[in-house]
Amino acid sequence: MPYPRSFTKLKRMAVAAPILGLLGVGAALPAVESLEPEAGYALIRDLMGEPRKPRRAAAERLMGARDSRFVPPLVDAYFFTSNLARSSVLEVLAALAGEQPGKRYLDWVEHVGARQYELPAGYAEWKASLLARIDTRYQHILYPGVPIRIRLDEVVWGGVRLDGIPALEHPPQVSAAEARHLRDGDRVFGVSLGGEVRAYPVKALSWHEMLNDTIGGHPVTLSYCTLCGSGILYSTGTDDGGAYTFGTSGLLYRSNKLMYDRQSYSLWANLTGEAVIGRKALRSDRLEILPMVLTTWRAWRQRHPETTVMAIDPSEGRRHGFVYQEGAADAARAGVAFPVWQKSDALDRNAEVYTLLLDGKPKAYPTDRLAEAGVVNDTLGERALVLVADPESGAIRAYERGAHRFSAGPRPNQLLDEQGRRYRVAEEALIADGLDPLPRLGGHTAFWFGWFGFYPHTELWTP
């Protein structure tokens, strides 16, 4: 089922009924009674039902107890409740929260994120029981005692079932000369790894969002969260010589895609590559970000005439309702947005930034400012680095710079150090004759709101 169509249904479900207003908006009242979790969840189930008498009794008991731990479960319930009972859930929410942030489900999701409520025991099972109405396989992801490293109350359904957006699995490749499905201005993700060079068209990844492949003998996953604008290449090899393969979970965290690995059914965050829910979260496993560049097909092909490129099968698109044309997926999902409660007005919400996370320290670089500068010498923590931006193709690459300081060279894809020595801007490193190569760093672009939602203490580069 195509993502935008599913989300249209989600938005229809999220239209709230009028509030009854039994209690006025104000500060949350202290709890009178701490409900046992099982009792509280049972009352919410009664509140979601259509028979009026049990619904009223549940509302009175919940509001009388004033136990704010049940605000997050009520927000979950609000999404799944029929129109007949939604006003009752909203009434109890306003009473327990002491305020009315809005009448939409997503207003309450943002409220829960900002307020950080204590959660009642058994919340993972509660959430799984609701999500199982969409797909029973969610009970394999959220189970009793599941390790959790993020705030589960901020995890929301994004509009598709598990694998509802089909991942691309080791898609066929063609040579640059055979790539008649690409135009010069089409954007591609360019990868050079293990002696192999490959391009992946954005107009296909914008629909599929996940790709599992092998490049130069290395298993990789390209995860593309279109909501946050973050396309990231991860190394997915395991210590025992195997590999993770990933699919779309249909769940989001702070508007960012949660992917799941098919080996353990653990959830991983697209922006961080960290296992956040499930067995792999027990050790806080994290995937390595590999260098990748977002550029135009013309620029990539000129730099790498030997490149292969992912072939596109139009019949595959027709089967899922996808149109493999530049910008078609963005147009189809126009207006789709999920709340992120940590916000910054330092940049426009959807401003594109190039991001780095080095030694646990995050930093964002506005891509338009990088394009104007061309070459930027910078530091992040203890690391000295240089960023090279091409204003024509939009490509941005980051490298270690050691003790050097660089400026633009006399030719394209060339830098000069402080002594005037020439370095070639290669995919794996900055290379100069007789000198040690300066390795490439794994960075990626994202929308400002998405990056800040995960890293509110991020540095922001200014010229």
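- Among residue pairs with one or both ends in residues 449-463, those qualifying as salt bridge (Lys or Arg N to Asp or Glu O under 4.0 Å) are K363-E459; sequence neighbours excluded.
- For Y41, the ring pair (Phe, Tyr, Trp, His ring centres under 6.0 Å) partners two or more places apart in sequence, or in a different chain, are F70, W126.
- With respect to the salt-bridge test (charged N to carboxylate O, under 4.0 angstrom), the residues R55 and E50 do not qualify.
- Annotation: side chain to side chain contact (heavy atoms under 4.5 Å, CB included) contacts of A389 (sequence neighbours excluded): L370, I396.
- Residues passing the ring pair (Phe, Tyr, Trp, His ring centres under 6.0 Å) test with Y200: none are found, sequence neighbours excluded.
- Applying the salt bridge (Lys or Arg N to Asp or Glu O under 4.0 Å) test to residues at least two apart or on different chains, the pairs with a partner in residues 269-278 are R149-E274, E274-R286.
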Donor-acceptor pairs under 3.5 angstrom involving side-chain atoms of residues 352-359: please list them, not counting sequence neighbours.
from : atom 1 : to   : atom 2 : distance (Å)
E352 : OE1    : T367 : OG1    : 3.1
T355 : OG1    : H444 : O      : 2.9
T355 : OG1    : H444 : ND1    : 3.4
T355 : OG1    : H444 : NE2    : 3.3
D359 : OD1    : R383 : NH1    : 3.2
D359 : OD2    : R383 : NH1    : 3.1

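- Remark: H111 pairs with W108, Y117 by the ring pair (Phe, Tyr, Trp, His ring centres under 6.0 Å) rule, at least two apart or across chains.
- Not counting sequence neighbours, D313 has no partner by the salt bridge (charged side-chain N to carboxylate O under 4.0 Å, His left out) test.
- Every side-chain hydrogen bond (donor to acceptor under 3.5 Å, both in side chains) that E154 has, sequence neighbours left out, goes to R151, R254, W341.
- Residues that satisfy the ring pair (Phe, Tyr, Trp, His ring centres under 6.0 Å) test with W297, not counting sequence neighbours, are absent from this structure.
- For the salt bridge (Lys or Arg N to Asp or Glu O under 4.0 Å) condition, no pair includes a residue of residues 225-239, sequence neighbours left out.
- With sequence neighbours excluded, no residue forms a side-chain hydrogen bond (donor to acceptor under 3.5 Å, both in side chains) with S206.
- Residues R198 and D213 are paired through a salt bridge, judged by an N-O separation under 4.0 Å between the basic side chain and the carboxylate.
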